[in-house]
2 protein chains.
Amino acid sequence: MDVPAKDNTSSDDGSPSSTSGGGDQHAQYMLGEQIGFYLRQANQRHVAIFASLISEKLTTTQWAALVKLKDLQPCSQGNLGRETAMDMATIKGVVDRLVKRGLVHTAPDPTDARRLVLTLTAEGEATVSRNLSIALQISQETLGTLSPAERMMLMELLRKIC
Amino acid sequence: MDVPAKDNTSSDDGSPSSTSGGGDQHAQYMLGEQIGFYLRQANQRHVAIFASLISEKLTTTQWAALVKLKDLQPCSQGNLGRETAMDMATIKGVVDRLVKRGLVHTAPDPTDARRLVLTLTAEGEATVSRNLSIALQISQETLGTLSPAERMMLMELLRKIC
DNA sequence: ACAATTATGTTTGTGTACAAACAAAACAGA
DNA sequence: TCTGTTTTGTTTGTACACAAACATAATTGT
């Protein structure tokens with residue numbers, strides 16, 4: 001069988017080859033051991049779990065905006081962005097889509113012509129209530145097999161690096 | 001003054017909650033305590049640190065692709081995607097941009113007409129070497145004030161939930 | 001050999017995420 | 001008051017991230 005000499009081209013994992021050139025520094029940087037790589041993957045997994053368990057077509061950020069708005073309303077668009085860790089350009093897109101779906105209502109602020117005042121519509125409120133228990137379940141599922149102590153530890157460590 | 005305590009957009013702050021129907025469940029779901037919210041923010045902060053410390057205009061995913069490709073080359077596009085946790089559509093965009101910048105070279109696989117074989121160009125190899133120490137520094141900076149024990153713990157916990 | 005299935009890659013569409021340029025309103029200091 | 005700065009929001013452009021539809025090549029089962 002003519003298995004081509006070294007075809008990393010398929011999913012077979014070869015031995016770590018020391019390629020030509022000064023590779024000793026490279027040996028210290030393994031992508032699979034970097035915190036950034038872990039964070040990206042963990043977040044990807046969470047988003048996937050969210051998408052699979054939520055019944056309505058809501059994204060994690062849309063959900064965050066809805067839940068936060070329920071607490072803060074009436075609330076300006078910029079403030080909602082700050083509270084949900086989205087910049088102005090991002091929160092605008094999120095809010096626009098929620099408005100288009102009839103979950104959020106916008107109105108100009110009578111006391112400050114720059115501001116856009118957001119409130120949940122009845123359907124928006126209902127959507128939050130309807131999905132609260134599922135959202136909790138998603139958080140639990142994301143934490144997977146971690147023990148209660150480990151869960152607390154992970155949250156605390158993440159809080160520290162934010 | 002950061003974040004005026006409540007933006008509730010000017011005056012009236014009514015005590016929220018207690019809409020008709022079970023509002024007490026909402027008390028149990030605080031966005032700021034959900035793992036997904038932490039993961040998203042931690043990743044955002046890492047990406048920001050990366051962007052601020054890297055000199056050339058490289059993204060975290062582009063860097064991941066370059067570093068992994070240095071180890072795996074020659075390597076198919078799909079396999080590189082798998083190894084860097086990107087789906088086919090995403091890795092294609094990343095590779096396309098790296099090719100356009102002259103850091104990656106593509107060629108058809110002679111033994112499998114479906115496959116696209118990727119290799120680093122000389123400039124691609126140089127880019128990896130040139131930024132390795134900065135990349136390590138970025139990882140350290142992301143872990144911020146965590147002690148060595150905490151760092152190990154965080155990585156281990158993230159690995160468990162991936 | 002042939003049909004069904006699988007693997008690999010492309011394209012399109014939607015949705016974050018953010019930088020940068022822009023506009024308009026509010027505010028502060030001289 | 002007037003002027004300069006800050007705040008709030010919009011728009012444009014680039015870059016992940018992924019679903020879904022598509023095309024083609026390779027593999028498998030019979």
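Just so it is clear: chains get the letters A, B, ... in the order the sequence lines come, proteins before strands, and each one is counted from 1. FYI, side chains are in, hydrogens and waters are out, and symmetry mates aren't considered; it's all heavy atoms of this structure. Treat the numbers as computed from the prediction; the structure is a model and nothing was measured.
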Evaluation steps, salt bridge (charged side-chain N to carboxylate O under 4.0 Å, His left out), between A/E123 and A/R130: CA-CA 10 Å; A/E123 179 53 23; A/R130 203 186 307 130; 3.2 Å; yes
Test side chain to side chain donor-acceptor pair (under 3.5 Å) on A/E56 and A/Q62 and set out the steps. CA-CA 11 Å; A/E56 353 209 352; A/Q62 286 167 3; over 6 Å; no
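Residue A/D87 contributes atom CG, which lies 16 Å from atom P of C/dA21 at whole-angstrom precision. One interatomic measurement links the two molecules: CG of A/L58 to C1' of C/dT14, which rounds to 14 Å at whole-angstrom precision. Regarding A/F37, its CZ atom lies at a distance of 10 Å from the P atom of D/dA17, rounded to whole Å. In this structure, CE of B/M86 is placed 11 Å from C1' of D/dA15, rounded to the nearest angstrom. Atom-to-atom, CD of A/E83 to P of D/dT8 comes out at 13 Å; the value is rounded to the nearest Å. One interatomic measurement links the two molecules: CD1 of A/I54 to P of C/dG15, which rounds to 16 Å at whole-angstrom precision. Taking atom CD1 of A/I91 as the reference point, atom P of D/dT11 lies 16 Å away to the nearest angstrom. For B/Q44 and D/dA17, the CD to P distance is 13 Å, given to the nearest whole Å.
The phosphate of C/dT16 (OP1 or OP2) has no side-chain N or O of B/R40 nearer than 4.0 angstrom. Side-chain nitrogen and oxygen atoms of B/Q77 include at least one within less than 4.0 Å of the OP1 or OP2 phosphate oxygen of C/dT10. Using a 4.0 Å cut-off, some side-chain N or O of A/K92 falls inside it from OP1 or OP2 of D/dT10. For A/R115 and C/dA26, the shortest distance from a side-chain N or O to OP1 or OP2 is not below 4.0 Å.
Contact check for A/L39 versus A/N43: no side-chain heavy atoms found under the 4.5 Å cut-off.
Residues passing the side-chain contact (heavy atoms from CB on, under 4.5 Å) test with A/D87, sequence neighbours excluded: A/A89, A/T90.
Distance check, rounded to the nearest 0.5 Å: CZ of A/R82 to CD1 of A/I91 gives 11.0 Å.
Checking B/D112 against A/A113, the closest nucleotide of DNA chain C that is more toward the 5' end is the one next to B/D112. With the nearest nucleotide of DNA chain C identified for both B/G78 and A/Q62, B/G78 has the one nearer the 5' end. When the nearest nucleotides of DNA chain D are assigned to A/V47 and B/R101 by heavy-atom distance, the more 5′-ward of the two goes with B/R101. Between B/V94 and A/M88, the residue anchored closer to the 5' end of DNA chain D is A/M88, taking for each the nucleotide with the nearest heavy atom.
Between the side chain of A/R114 and the base of D/dT7 there is at least one donor-acceptor pair of N/O atoms closer than 3.5 Å.
Listed nucleotides: D/dA15, C/dG9, C/dA19. Nearest to the side chain of B/S76: C/dG9. Checking D/dT12, D/dA19, C/dT16 against every side-chain atom of A/R97, the shortest atom distance belongs to C/dT16.
Looking at heavy-atom distances under 4.0 Å, B/T61 makes contact with sugar-phosphate atoms alone, never a base. Contacts of A/T59 with the nucleic acid, taken as non-hydrogen atoms under 4.0 Å apart, involve only primed sugar atoms and P, OP1 or OP2.
Ring pair A/Y29/B/W63 is perpendicular by interplanar angle, where above 60° counts as perpendicular and below 30° as parallel.
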